[in-house]
Trainee: 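What follows is a single structure, and I will ask about it in a moment.
Each ligand, and each atom within it, is numbered from 1 in the order the structure gives.
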Amino acid sequence: MVKNETGHRKSVIVTGASTGLGLEITLYLAEQGFNVYATMRDLSRRNLIDTKAMQRGLKIEVLQLDITDRNSISTALETIIEQTGEIFALINNAGIGLRGYFEDLSEEEIHKVFDVNLFGTMAVTRAVLPYMRSAGKGRILIITSVGGLIGSLGVSAYCSTKFAQEGFGESLSQELSPLGIHVSLIEPAIIKTERWGINRGNAKGAHDSGSLYSEWFRKSEILADKLVESSPTTPEHVAVKVYDALTARRPSLRYMVGYRAGLVVLLRRYLPHKLFDRLYFGEAVRRVTGYRKAFR
Ligand SMILES: NC(=O)c1ccc[n+]([C@@H]2O[C@H](COP(=O)([O-])OP(=O)(O)OC[C@H]3O[C@@H](n4cnc5c(N)ncnc54)[C@H](OP(=O)(O)O)[C@@H]3O)[C@@H](O)[C@H]2O)c1
């Protein structure tokens, strides 16, 4: 399943492979025998992947690719086509965070998170499609999030980008399946990565003491950190689902990663809406504001 008709290893491109989930997906797929192109916006950050690849005895190609820069996308893809003649799969993983209550987010910050998470993902996808169409096959994966299914306070803009990715992928899968190209959405729960450290993406205004929301945001961040620290889900869990989506004869549209998030999504599906809203969203609001009846 990891080799094409000519007996060569299938080529897979991963965006945002310098760290976190992208790094683990790259290493795992290379270990399973794929020919993985690890791409990153800043090649000076390739040290980690080079070191880990060497430790695991893997050969991984590293290319520069900023998903918001059309030239860098086409240069990277042309290089892969020149070297291998095909792109079997694209893993849209690169993304940034934006944290803060909505009124504390600037227009500029909101545009930036959409530019990367949504328009960047669309741009790379658009660029690989001609190659996949002419091959009559291909796989496009998008690392969305459980935050693309359930919104949370303090991350309205980020969740909007993830809901948008979900809508994009779900629609695109219908357009492309007759052409032999499968789209899958990988929906991880909270996982401890750089996302919760240096790449946290707190909005400039989120901690502004003059903001009505700053105290609520501070408390919501403490809650988020507790969830991160206690999360049983790991980057490898995501990598395994990615592998499943690449090797299944008929890949699913959705792969959820993390049983806690899966449980919440199930509750939302089967509980009466009003009850779920009161229990789940109401509890979040109560925990950060202290108001027992703050939600509906
Ligand atoms: N961790 C979680 O809890 C979690 C949960 C659900 C979904 N996700 C999603 O999973 C994906 C990976 O997240 P992560 O946790 O691994 O985050 P991370 O550790 O912050 O890694 C994000 C990666 O994206 C790259 N990136 C950012 N902007 C880019 C751009 N314009 N072009 C190319 N690469 C860019 C970063 O590159 P630099 O090294 O240059 O910054 C980094 O490699 C994201 O889409 C995220 O939304 C994460």
Side-chain angles (χ1 to χ4, degrees), residues 13-28 37-49 52 62-73 75-76 90-99 111-125 127 141-150 152 155 157-166 168-169 185-202 224-239 241-242 254-258 260-262 264-265:
I13 173 166
V14 181
T15 65
S18 61
T19 183
L21 306 186
L23 172 67
E24 187 55 40
I25 291 167
T26 300
L27 295 167
Y28 186 83
Y37 282 85
T39 69
M40 56 191 71
R41 59 180 164 180
D42 178 1
L43 283 181
S44 72
R45 289 182 43 77
R46 64 177 290 170
N47 230 355
L48 188 58
I49 202 159
K52 286 192 180 277
V62 179
L63 295 177
Q64 193 276 335
L65 193 167
D66 180 333
I67 67 169
T68 63
D69 175 349
R70 307 298 186 264
N71 286 334
S72 101
I73 297 171
T75 306
L90 162 66
I91 319 292
N92 283 301
N93 163 77
I96 59 171
L98 178 59
R99 307 183 70 78
H111 279 277
K112 188 169 171 216
V113 72
F114 269 89
D115 275 344
V116 178
N117 296 3
L118 181 63
F119 299 123
T121 295
M122 285 181 166
V124 188
T125 302
L141 273 58
I142 307 176
I143 312 295
T144 68
S145 172
V146 169
L149 302 170
I150 298 182
S152 292
V155 274
Y158 172 76
C159 283
S160 305
T161 67
K162 292 291 164 180
F163 271 69
Q165 284 185 335
E166 288 274 327
F168 170 53
L185 299 163
I186 312 290
E187 299 159 334
I190 284 180
I191 300 169
K192 192 169 183 183
T193 62
E194 300 289 9
R195 166 55 49 83
W196 298 97
I198 52 166
N199 291 343
R200 196 159 181 121
N202 281 1
D225 279 333
K226 280 189 185 152
L227 289 173
V228 173
E229 290 306 326
S230 66
S231 175
T233 314
T234 66
E236 193 174 346
H237 290 136
V238 180
K241 293 284 183 191
V242 166
R254 290 195 159 79
Y255 292 83
M256 197 167 292
V257 193
R260 281 188 193 167
V264 176
V265 170

Trainee: Please list, in number order, the atoms of ligand 1 under 4.0 Å from a heavy atom of Thr19.
Mentor: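 With Thr19 as reference, the close atoms of ligand 1 come out as 19 (O), 21 (O), 42 (C), 43 (O).
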Trainee: Which is it for Val62 and Met40 under the side chain to side chain contact (heavy atoms under 4.5 Å, CB included) test, yes or no, and what are the steps along the way?
Mentor: CA-CA 8 Å; Val62 179; Met40 56 191 71; 3.9 Å; yes
Trainee: Below a 4.0 angstrom heavy-atom separation, can you tell me which part of Ala189, side chain or backbone, both or neither, approaches ligand 1?
Mentor: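 Ala189 to ligand 1: backbone contact only, side chain stays beyond 4.0 Å.
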Trainee: With rounding to the nearest 0.5 angstrom, report the CG to CG distance, Leu185 to Asn92.
Mentor: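 The CG atom of Asn92 is 10.5 Å from CG of Leu185, to the nearest 0.5 Å.
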Trainee: For atom 33 (C) of ligand 1, grab the closest protein heavy atom and report residue, atom and distance to one decimal in Å.
Mentor: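 Result for atom 33 (C) of ligand 1: Leu65 O, 3.5 Å.
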Trainee: With heavy-atom distances below 4.0 Å as the criterion, list the atoms of ligand 1 near Val116.
Mentor: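 Those of ligand 1 that fall under 4.0 Å from Val116 are 28 (N).
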Trainee: Of the protein's non-hydrogen atoms, which lies at the shortest distance from atom 46 (C) of ligand 1, and what is that distance?
Mentor: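 Sorting protein heavy atoms by distance from atom 46 (C) of ligand 1 puts Arg195 NH1, 3.4 Å first.
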Trainee: Who's closest to atom 8 (N) of ligand 1 heavy-atom-wise, of Thr144, Asn92, Ile191, Ile198?
Mentor: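 Among Thr144, Asn92, Ile191, Ile198, the closest heavy atom to atom 8 (N) of ligand 1 belongs to Thr144.
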Trainee: Could you tell me which atoms of ligand 1, counted from 1 in the order shown, lie closer than 4.0 angstrom to a heavy atom of Ser18?
Mentor: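 Every atom of ligand 1 under 4.0 Å from some heavy atom of Ser18: 37 (O), 38 (P), 39 (O), 42 (C), 43 (O).
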Trainee: What atoms in ligand 1 come closer than 4.0 Å to a heavy atom of Ile190?
Mentor: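 Result: 3 (O).
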Trainee: Counting both backbone and side chain atoms, is some N or O of Val146 under 3.5 Å from an N or O of ligand 1?
Mentor: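 In this structure, Val146 places no N or O atom under 3.5 Å from an N or O of ligand 1.
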Trainee: How does Ile67 reach ligand 1, if at all, at less than 4.0 Å between non-hydrogen atoms: by side chain, backbone, both, or neither?
Mentor: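 The answer is both, backbone and side chain.
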Trainee: Against heavy atoms of Tyr158, which atoms of ligand 1 measure under 4.0 Å?
Mentor: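 Per the distance check, 7 (C), 8 (N), 46 (C), 47 (O).
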Trainee: Enumerate the atoms of ligand 1 whose separation from the nearest heavy atom of Trp196 is less than 4.0 angstrom.
Mentor: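 Result: 1 (N), 2 (C), 3 (O).
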Trainee: Begin with the C-alpha distance, continue with both residues' side-chain angles, and end with the deciding distance and a verdict on side chain to side chain contact (heavy atoms under 4.5 Å, CB included) for Ile67 and Val116.
Mentor: CA-CA 7 Å; Ile67 67 169; Val116 178; 3.9 Å; yes
Trainee: Could you grab the distance from atom CD1 of Ile191 to atom CD of Glu236, nearest 0.5 Å is fine?
Mentor: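 One finds 11.5 Å between CD1 of Ile191 and CD of Glu236.
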Trainee: To which of Ile91, Asp66, Ile49, Ile186 does the heavy atom nearest atom 30 (C) of ligand 1 belong?
Mentor: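 Looking at heavy atoms only, the winner is Asp66.
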Trainee: Is there a heavy atom in Val228 that sits closer than 4.0 Å to ligand 1?
Mentor: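 Judged by the 4.0 Å heavy-atom criterion, Val228 does not count as contacting ligand 1.
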Trainee: Taking 4.0 Å as the limit for heavy-atom contacts, which would you say applies to Arg45 with ligand 1: side chain only, backbone only, both, or neither?
Mentor: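 The answer is the side chain of Arg45.
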Trainee: Evaluate Tyr158 against Ser152 for side chain to side chain contact (heavy atoms under 4.5 Å, CB included), listing each step before the verdict.
Mentor: CA-CA 10 Å; Tyr158 172 76; Ser152 292; over 6 Å; no
Trainee: Please determine whether side chain to side chain contact (heavy atoms under 4.5 Å, CB included) holds for the pair Leu65 and Ile73, giving the CA-CA distance in whole Å, both sets of side-chain angles, and the decisive distance to 0.1 Å.
Mentor: CA-CA 6 Å; Leu65 193 167; Ile73 297 171; 3.9 Å; yes
Trainee: May I ask you to identify, for Ile96, whether its side chain, its backbone, both or neither come under 4.0 Å of ligand 1 on a heavy-atom basis?
Mentor: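 The side chain, only.
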Trainee: Checking Gln165 side chain against Asn117 main chain: does a donor-acceptor pair fall under 3.5 Å?
Mentor: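 Answer holds: yes.
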Trainee: Okay, side chain of Asn93, backbone of Gly16: is any donor-acceptor separation there less than 3.5 Å?
Mentor: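 Flag set: sc Asn93 to bb Gly16 pair under 3.5 Å.
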Trainee: With distance as the sole criterion, is a donor-acceptor pair present between the side chains of Asp42 and Ser18 under 3.5 Å?
Mentor: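 Ser18 and Asp42 do not have a side-chain donor-acceptor pair below 3.5 Å.
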Trainee: Should the proximity of Lys162 to ligand 1, defined as any heavy atom under 4.0 Å, be assigned to the side chain, the backbone, both, or neither?
Mentor: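 Looking at Lys162 and ligand 1, just side chain atoms fall under 4.0 Å.
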